[in-house]
Each structure stands twice: as structure tokens, then as C-alpha cells.
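See structure below.
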2 protein chains.
Amino acid sequence: MSKKAPSIRRRRESLSRDRIIQAAIELLDSGGEDGLTFRALAERLATGPGAIYWHMADKSDLVTGACDTLIARTVQDCVGATPEATIRVLALGMFDAMSAHPWLGAALASPAGQLPIVRILEPLGQQVCALGIPEDTRWAAVSALVSYILGVGGQNAANGQLARTRGLDRSEFLDAVATMWSQLNAREYPFTRSLAVRLRTHDDRLDFLTGIDLILRGIESTRGS
Amino acid sequence: MSKKAPSIRRRRESLSRDRIIQAAIELLDSGGEDGLTFRALAERLATGPGAIYWHMADKSDLVTGACDTLIARTVQDCVGATPEATIRVLALGMFDAMSAHPWLGAALASPAGQLPIVRILEPLGQQVCALGIPEDTRWAAVSALVSYILGVGGQNAANGQLARTRGLDRSEFLDAVATMWSQLNAREYPFTRSLAVRLRTHDDRLDFLTGIDLILRGIESTRGS
DNA sequence: ACCTGAACACCGTTCAAGT
DNA sequence: ACCTGAACACCGTTCAAGT
């Protein structure tokens, strides 16, 4: 995008880690986890599978790079008026990123995602410190936030992948799950059945935020002790 | 194990869904997620890959069955003196199951895990109801608990898989992570660096329980509102 | 230094053929 | 009804060979 070389044919730019990772993200976005293949990636980059191995160690390196790029983008410039507000913004940013890239939740839960997770662990930890939480409960607070965010993300990813496999859109899928739940044995599964109704109308994003607020309240209640 | 046919050679019991799932669990336990293969499974059951397809729909069916069997075992007979105590027992049971079967966390976060998750959703939901939480915040409460449990499980699974790949035992692995964290840029990653020390000595199970208690306190603080 | 593409050792899944 | 095992269409990864 620089203006230095105005009308050079940019079709044959040489391969680079960044270009490869960008192409990997596009493949993941359009085809899910199974869509990322060395052969498909090579084709998209107009080269052979072997060329990619010159720049990337292996498939795990590819996934780590994709996660890292997206999380870095999500986390930058997240600020709110208070520590609580910033935590909410960070959490919502992750939620939205995982919604926009349904493979992200699963990838972060894989070994390849462990390094990128540090990028979200750090700012959350800083905000928890800013909340004035005593040192011995800081880890529990941050761990609860991170695990909750990743847990919700993983669930969304799994549901999205399930829906895609069956060729359903979001509301069709929710309807299918709701129907399945409402057919569960009434004596064994009263609670899950009672959720079935709620499922069709609920707002994922709002529910997610409610969960964050719940954890924040739990965190703040430890401040005095 | 019945006594009906005392000395029949039990080597050639015919295939069944249960026997296949049991073998699948053993394979997953010993070889991780990559260890479960139709060919390896067939060999262990002294048959061909095709035979398994007579009893199971596909690999996803295999994984769902394995998760379902383990969760059902974990959840049964979980009772405590109070709803809070029961929730703790349920959560710890899941934590221990995911520690004993390191592939379980990842499997539950995959599409194949969505059905088995209902088995843990239900008793948690029932206990949250028993806590007297108003209906409109029940879902947030249960969702926070389930997501947290699955999130922690997923992280443990990812770490375990990473450690296994590099042939490290638990303390060697923690040491490696702690070292990596302590080498992060001091200005960008002060919080993560401060965790590095703690990491070598912390108790996963205890930290997990602290997180559960944190969420429980958050839940209880909504009871009045 | 960087790329090519055939080849290797695997997968999940299918299916004609057997009993 | 249940099982066999060869065959198909893929994978990730390697590596001699090119430029």
C-alpha cells in the first residue's frame, strides 16, 4: 500500500511470513479449520507447498501466526474510563474477533494458541492490578476472566462449526438445538429443557457481557477481604 | 463380567458400540488426540477399519461417545451439603476428569463435545436454581460456570499436549513456560512476567477452585438485586 | 537465498465381497 | 446382520533439484 513504487505489478511480490499468514487467515475465514491446507495455501499464493516451509516451521506455526496477528489487532488501543470498563472492552473485543473468525476460539484452545493468549492475559492482568486487587487473588481473578473468555469462544466456535457442517444459518441452528433440548427426558433434564425456550431469543453478546460483569462483581467482592 | 458362561473364551466377543468406545478412550489416553485412528482402533479390536463403521457413524461419533461416557461417569452421584458445595464437587470432578484424560478438554470444545456438555450443564443448572437465583440471571450464572470449567480444561489440555509433544514432564514444562515468560519485554509484559515466579509453585487444582468460588460469589451477589 | 513439485507415510471413509 | 480389507481421495512434511 505504500506509494514508493507507483505502478509496479504487485502480483509477483515474493513470499513473506506476513503475506503467508494473511492468506492463511483468509483461508480459515472462508473454509474453517479444514480450509487451511498447505496445498490450498500454496495455490492461493501461486507457489508450491514446499515454498511455504521456507518461511514457516509447520502447520502449528501457521495457526499461531494467524491467532497472534488477530489478537494483536484486537487488543491494541483498548481503553475505557475505568479498569472495569477497559476489561469489558477487551473482553468484548475478543468476543467479536471470535465471532468474526469462528475458527479462532478453537485455535486459541489448541497448543498453537498458548503463545498468542499471553497478548490478552497481559492487558487483563494490568487492569486487574489497577482495580486494586490484593496480589494473592490477582491470579484467580485474571485466570477466571481468561478462562471464561476462551470457554465462551470455544463454545461459539464449536457451534459455528456444527452449524456450518449441516449447512444451517444461525437462527436455523439455534432452532435445531432448542428443539433437541426440548425433546430431552423431562425428569432428567428439567433445567436444560427450560433453557430451550430462552435459546431462540437470547443475545449471545449481551449474555457474554453479563457473564463478565458477574465475574467482575466476584472479583470486587474480594477486594475488602 | 457376568457369570452365566463361566469359561467361554472371551477373546472373541463380538464388536459393540460400548466395546469400541472403551477402546477409543484407551487409545486417546495413551496417545492423545492423534492416537485415535481407525486403523489403530481396528488393530486393538482385532478387526478391520470397515467393521467399526458398522457400529459408529464416523470419527466424530467416536469422540462424542468417548466424552459422553466419561462425563456421565464423572457427574453421577455428585452431591454436597449445600448447592454451593455440590457445584464445587461437580466442577472439581470435571477438573479431575480432564486431568486424567488430557484430550477431554479439547474434545469437549469441539463440535463433537456439544452434546456431552449437556450432561454437566444440567446438574449445574439445577444447583444454581437451588441457590435461589432469579430466573433472568440464571443463564448468566450457569453459562459463566460452564464456560469457566471448559476454558480451564481447554487450557490444561493444550498445555498437556504441548508438554507431551516436547517430551517434558509437568514440572519441566512449567519451568519452560516460566522461563519464556520471564524473558518477555519488561515494559510490554510486566504482569505476565510477574506471574512467571508464581507459575513454578502454583497448584492448578487449588487455583481452579478459587476461580469457582470467585464466580460463586459473583452469582450470590446478584441474589438480592 | 529462495522456490519447485514429486514422493512418502500417513489419514478418514467407502464399498464390493465375503460369512 | 455383521465383518473384511483393498481402494480412493485426501493430508502434512521432506527433499533432491533447480534458479
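Basis for what follows: all heavy atoms, side chains included, without hydrogens, waters or symmetry-related copies. Proteins get letters first, then strands, A, B, ... in listed order; numbering begins at 1 in each.
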Roughly how many Å is it from [atom1] in [X] to [atom2] in [N], rounded to a whole number?
| X | N | atom1 | atom2 | result |
| --- | --- | --- | --- | --- |
| B:D34 | D:dC11 | CG | C1' | 12 Å |
| B:R19 | D:dC2 | CZ | C1' | 14 Å |
| B:L45 | D:dC2 | CG | C1' | 14 Å |
| B:M56 | C:dT13 | CE | P | 11 Å |
| B:R39 | C:dC10 | CZ | P | 10 Å |
| B:L41 | D:dC3 | CG | P | 13 Å |
| B:F38 | D:dG5 | CZ | P | 17 Å |
| A:R17 | C:dC2 | CZ | P | 14 Å |

What nucleotide, of [options], holds the atom closest to the side chain of [X]?
| X | options | answer |
| --- | --- | --- |
| A:K59 | D:dC3, C:dC3, D:dG12 | D:dG12 |
| B:Y53 | C:dT14, D:dG12, C:dG5 | C:dT14 |
| B:L15 | D:dC3, C:dC3, D:dG5 | D:dC3 |
| B:S14 | D:dT13, C:dT13, D:dC3 | D:dC3 |

Contact class for B:L36 vs. all strands (heavy atom < 4.0 Å): base, sugar-phosphate, or nothing?
sugar-phosphate
Using a 4.0 Å heavy-atom cut-off across all strands, classify A:I52 as base, sugar-phosphate, or nothing.
nothing
side-chain N/O B:W54 vs D:dC2 OP1/OP2, d < 4.0 Å:
yes
OP1 or OP2 of C:dA1 versus the side-chain N and O atoms of A:H55: is any pair under 4.0 Å?
no
Return yes if some donor-acceptor pair links the side-chain N/O of B:E33 with the main-chain N/O of B:L28 below 3.5 Å, else return no.
no
Strand partner of D:dC8, provided both Watson-Crick or wobble distances fall under 3.5 Å:
C:dG12
With both distances under 3.5 angstrom, what nucleotide forms a Watson-Crick or G-U wobble pair with C:dC3?
none
For DNA chain D, whose closest nucleotide is more 5', that of A:A57 or that of B:G48?
B:G48
Pair A:D68 + A:R73: basic N to acidic O under 4.0 Å
no
Taking A:D175 first and then A:R170, would you say they form a salt bridge - that is, a charged N and a carboxylate O separated by under 4.0 Å?
no
Sub-6.0 Å ring centroid separation between B:F208 and B:F95:
yes
Kindly indicate whether the side chain of B:W181, heavy atoms from C-beta on, has any atom under 4.5 Å from the side chain of A:L121.
yes
